[in-house]
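Heads up, the thing below is written out as structure tokens.
Quick note: numbers below take in every heavy atom, side chains included, and nothing from hydrogens, waters or symmetry partners. Quick caveat, the model's predicted, so the values are computed rather than measured.
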Amino acid sequence: MGILPVLFSDGQDARSTRRKKVFVGWAPSYFRTGKMPVPQEEKKFLWDGHPARPNYFYQKSMESRIQAYLRFAASQQRDTEHIGPFLATFSPHSTNPYLNYAIPEDGATPSLADVNALIAAYSDRDRQPRLEYVTKLAPAVEEALISAGFTVEGRLPLMICTPGSEKLLPIPPEIELILPVSDDELLGTVAAQNEAYGEAAPSPEDVDSLRKTLAAGGIAVLARVAATGEPAGAGICTPPQNQTTEIAGIGVPAAFRRRGIAGALTARLLREAFDAGVTVAFLMTLHEQEFRVYTRAGFSAIGSEGCANDEILHISLPPQ
């Protein structure tokens with residue numbers, strides 16, 4: 001669903017390129033109505049306060065809500081195909097693996113034929129077969145993929161923040177945070193992210209992509225030196241659906257790291273998202289430092305008491 005699993009770069013080495021997303025177009029009915037379907041057998045846990053599983057409905061519905069958002073987001077600006085229990089998405093313009101991946105249905109139990117068909121669909125398009133999904137919602141999928149030769153790229157802890165949980169973090173001295181509007185501000189936003197992630201200078205297409213994201217309801221925050229306007233970091237909230245958004249692309253160039261800019265960006269993005277009506281902001285982390293920064297901003301890992309935290313699995317078939 002974007003380009004990379006690293007959500008900010010503040011003293012950590014990024015493995016690949018930043019997530020970039022543009023969300024426009026069709027949405028399932030639960031995005032249009034804002035109502036998530038509730039299975040009949042789960043309703044009693046929501047309303048009768050079942051003592052043995054008090055968080056059951058919340059945990060399951062939150063995971064499903066995020067997975068539904070991931071399916072929607074991955075489908076935007078891409079070709080899609082349903083292959084067995086998989087929603088496969090393909091970028092028509094890029095072979096970047098973080099823009100080409102599949103998401104299984106909740107509870108999917110794919111056969112070897114399903115997996116082979118998925119591999120063929122990506123191979124025929126000169127794309128690497130790859131998946132990103134909430135592991136807990138389709139626990140049988142990983143074993144089927146491993147048996148077909150897939151390898152795990154990473155298990156990214158899933159974190160959320162809801163209104164009232166966000167923290168006010170200080171803005172470093174001599175730094176200001178703005179919502180980019182002008183062409184120069186949009187260029188500075190993309191430039192800060194590209195530099196943070198080791199990418200080339202932004203192209204006009206990069207800036208246009210950000211502009212479209214903002215037009216679709218996304219939010220960007222640019223950190224810059226107040227006296228000179230030099231970009232010092234940036235991040236985005238993806239366009240909300242079902243009052244849900246992902247915080248992504250938080251990048252801080254090397255010259256500005258270790259000052260608290262990443263935390264300040266995260267806190268401002270949360271505030272702007274909640275002011276816009278978002279009720280769930282989520283993100284994924286790769287490094288312990290990221291986890292600590294996001295925790296200070298008010299995020300917490302999803303996971304039942306006494307159980308491992310929920311995760312997003314990144315898994316792919318290595319080049320042959």
Side-chain angles (χ1 to χ4, degrees), residues 1-6 15-17 19-21 26-28 30 37 39 59-158 246 248 282 284-286 302-303 307-320:
M1 146 163 145
I3 296 181
L4 81 76
V6 182
R15 293 193 305 165
S16 47
T17 54
R19 291 175 171 250
K20 298 175 185 174
K21 299 174 224 166
W26 175 89
Y30 44 83
Q59 297 288 350
K60 187 173 180 63
S61 63
M62 184 62 69
E63 295 153 356
S64 298
R65 177 174 177 172
I66 290 172
Q67 185 95 305
Y69 184 92
L70 293 175
R71 289 193 189 95
F72 167 78
S75 300
Q76 306 311 297
Q77 303 295 312
R78 302 186 202 171
D79 299 329
T80 62
E81 182 178 348
H82 287 275
I83 303 171
F86 301 108
L87 171 65
T89 71
F90 312 93
S91 169
H93 308 297
S94 174
T95 60
N96 190 307
Y98 295 97
L99 288 175
N100 297 272
Y101 59 87
I103 301 174
E105 297 173 354
D106 293 359
T109 55
S111 65
L112 179 59
D114 293 329
V115 176
N116 287 337
L118 186 69
I119 293 172
Y122 281 89
S123 299
D124 289 346
R125 293 172 172 84
D126 294 322
R127 305 294 193 262
Q128 181 183 21
R130 190 172 178 278
L131 294 91
E132 296 184 14
Y133 64 97
V134 180
T135 314
K136 185 181 291 186
L137 294 179
V141 171
E142 182 178 350
E143 182 178 354
L145 297 174
I146 294 294
S147 297
F150 282 69
T151 60
V152 173
E153 297 176 356
R155 300 180 187 276
L156 284 62
L158 186 59
E246 180 182 4
F282 73 94
M284 308 160 220
T285 64
L286 264 184
I302 305 179
C307 298
N309 293 333
D310 288 353
E311 63 185 19
I312 299 289
L313 178 66
H314 287 193
I315 187 169
S316 61
L317 185 68
Q320 303 300 312

Heavy atoms only: give me the nearest [X]-[Y] pair and the separation to one decimal.
X: L313; Y: V152; result: CD1-CG1, 3.7 Å
X: A102; Y: A88; result: CB-CA, 3.9 Å
X: D79; Y: P92; result: OD2-CB, 3.9 Å
X: P129; Y: F150; result: O-CE2, 3.7 Å
X: A117; Y: I83; result: CB-CG2, 3.7 Å

Does [X] reach the side chain of [Y], with side-chain heavy atoms less than 4.5 Å apart?
X: N96; Y: S91; answer: no
X: E311; Y: L158; answer: no
X: I315; Y: E153; answer: no
X: P85; Y: P110; answer: yes
X: V115; Y: L145; answer: yes
X: T135; Y: D310; answer: no

Next item on the list: Kindly write out the residues that satisfy salt bridge (Lys or Arg N to Asp or Glu O under 4.0 Å) with E81, not counting sequence neighbours, or none if the list is empty.
Entry: R125
Notebook entry, point to check: By salt bridge (Lys or Arg N to Asp or Glu O under 4.0 Å), which residues pair with E142, not counting sequence neighbours?
Noted result: R155
Next item on the list: Tell me, with the steps shown, if S75 and L87 meet side-chain contact (heavy atoms from CB on, under 4.5 Å).
Entry: CA-CA 9 Å; S75 300; L87 171 65; 3.6 Å; yes
Quick check against the 3.5 Å criterion: does [X] have a side-chain atom that pairs as donor or acceptor with the backbone of [Y]?
X: D114; Y: S111; answer: yes
X: E143; Y: V141; answer: no
X: Y133; Y: H314; answer: no
X: Q128; Y: L317; answer: yes
X: N100; Y: S94; answer: yes
X: R130; Y: Y122; answer: no

Next item on the list: Using the six-membered ring wherever Trp is involved, compare the ring planes of Y69 and F282 and label them parallel, tilted or perpendicular (cut-offs 30° and 60°).
Entry: perpendicular
Margin query: Going by salt bridge (charged side-chain N to carboxylate O under 4.0 Å, His left out), name the pairs with one or both residues in residues 94-106, residues two or more places apart or in two chains.
Written below: R71-D106
When rounded to the nearest 0.5 angstrom, what distance separates [atom1] in [X] from [atom2] in [Y]?
X: L70; Y: M284; atom1: CG; atom2: CE; answer: 5.0 Å
X: L131; Y: T89; atom1: CG; atom2: OG1; answer: 9.5 Å
X: R78; Y: H93; atom1: CZ; atom2: NE2; answer: 12.0 Å

